[in-house]
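Down below is the structure, laid out as C-alpha cells.
For this chain, numbers begin at 1 and follow the sequence in order.
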Amino acid sequence: MEEQTEMVGRAFVDHYYNLFDNDRSSIGALYQPSSMFSFEGQKLLGSEDICAKLNELPFGQCRHVISTIDSQPSSFTGGIIVFVSGSIQLLGEDHPLRFSQMFHLIPTVEGSFFVQNDIFRLNYG
C-alpha cells in the first residue's frame with residue numbers, strides 16, 4: 001500500500017508541474033467545483049476560481065525543480081496527501097524561489113484522482 005501511495009504521489013507531482021510549466025491553462029481539469037486552494041494565504045473555492053488564479057499569476061514561463069515528495073494515505077478511502085518542496089525558476093530571474101505545496105488527492109469513479117485541497121507557500125529566508 002505504501003509503495004502504491006508513493007508511486008501515485010510521484011506520478012501526480014510530475015503531471016501537475018509539467019502542466020503548470022508547459023500548459024497552465026489546462027491545469028483546471030485536475031480540480032472540481034468542491035476543490036479548495038490556498039495561495040499565499042488567499043483562499044479560493046472551485047475549479048474556475050483556482051484556474052483563474054493560476055493563469056493570472058504575474059509570470060508566464062517558469063520551471064519547477066522538485067526537491068522532495070512525501071505521500072501518505074488519507075482518512076478518506078483511497079485518498080492521498082502529497083507534500084512537495086522545491087524551487088521555481090522564473091524566466092529572466094537569476095535566483096529561484098523556494099516553495100512548499102500540499103495536495104489532498106481524492107479518487108474519482110473513473111479511476112483517477114482530483115485535487116480536493118491545495119495549499120501553496122513560498123519559503124522566504
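By the 4.5 Å heavy-atom criterion applied to side chains, R24 and C62 are counted as neighbours.
Taking all atoms of both residues into account, the shortest heavy-atom contact from Q72 to T5 is C-CG2, 3.7 Å. Contact between K53 and Q42 at its shortest, heavy atoms only, is NZ-OE1, 3.0 Å.
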I would like to know whether M102 and S38 meet side-chain contact (heavy atoms from CB on, under 4.5 Å); could you show each step before the answer? CA-CA 10 Å; M102 187 282 308; S38 294; over 6 Å; no
Going through the checks in order, is the side-chain contact (heavy atoms from CB on, under 4.5 Å) test met by I80 and F12? CA-CA 10 Å; I80 299 173; F12 170 78; over 6 Å; no
Please assess S47 against S35 for the test side-chain hydrogen bond (donor to acceptor under 3.5 Å, both in side chains), listing each intermediate value before the final yes or no. CA-CA 6 Å; S47 53; S35 297; over 6 Å; no
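Hydrophobic clustering, with ILVMFWY side chains joined whenever heavy atoms are under 4.5 angstrom apart, keeps M7 apart from I106. Under a hydrophobic clustering in which Ile, Leu, Val, Met, Phe, Trp and Tyr are joined whenever their side-chain heavy atoms come within less than 4.5 Å, directly or via other members, L57 and L30 fall into the same cluster. No continuous path of ILVMFWY side-chain contacts below 4.5 Å connects I119 to V84, so the two sit in separate hydrophobic clusters. Residues L105 and V109 are members of separate hydrophobic clusters, defined by side-chain heavy-atom contacts under 4.5 angstrom among Ile, Leu, Val, Met, Phe, Trp and Tyr. Following chains of ILVMFWY side-chain contacts shorter than 4.5 Å, one cannot reach L122 starting from F83, and the two form parts of different hydrophobic clusters.
L45 forms part of a hydrophobic cluster together with M36, judged by ILVMFWY side-chain heavy-atom separations under 4.5 Å.
Centroid-to-centroid, the aromatic rings of F20 and F99 stay 6.0 Å apart or farther. Here H64 and Y16 keep their ring centres 6.0 angstrom or further from each other.
With rounding to the nearest 0.5 Å, the separation of CD in Q61 from CD in Q89 is 12.0 Å. Here CD1 of I88 is found 4.0 Å from CZ of F120. Values are rounded to the nearest 0.5 Å. Distance check: N123 CG to L97 CG gives 10.0 Å after rounding to the nearest 0.5 Å. For the atom pair CG of L90 and CZ of R63, the computed distance is 11.0 Å after rounding to the nearest 0.5 Å.
In terms of the side chain to side chain contact (heavy atoms under 4.5 Å, CB included) criterion, residue partners of D23 (sequence neighbours excluded) are, by chain and number, L19, S25, S26. Scanning for side chain to side chain contact (heavy atoms under 4.5 Å, CB included) contacts around I69 gives R10, V13, I66, S71, V82, with sequence neighbours left out. Annotation: side chain to side chain donor-acceptor pair (under 3.5 Å) contacts of S75 (sequence neighbours excluded): none. The side chain to side chain donor-acceptor pair (under 3.5 Å) check on N18 picks up N22, with sequence neighbours excluded.
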Which side-chain N or O atoms in residues 111-118 pair as donor and acceptor under 3.5 Å with protein atoms at least two apart or in another chain?
{"unit_1": "S112", "atom_1": "OG", "unit_2": "T108", "atom_2": "OG1", "d": "3.1"}
{"unit_1": "Q116", "atom_1": "OE1", "unit_2": "S34", "atom_2": "OG", "d": "3.1"}
{"unit_1": "Q116", "atom_1": "NE2", "unit_2": "S34", "atom_2": "O", "d": "2.8"}
{"unit_1": "N117", "atom_1": "OD1", "unit_2": "H104", "atom_2": "ND1", "d": "3.2"}
{"unit_1": "D118", "atom_1": "OD1", "unit_2": "Q101", "atom_2": "NE2", "d": "2.8"}
{"unit_1": "D118", "atom_1": "OD2", "unit_2": "Y31", "atom_2": "OH", "d": "2.5"}
{"unit_1": "D118", "atom_1": "OD2", "unit_2": "Q101", "atom_2": "NE2", "d": "3.3"}

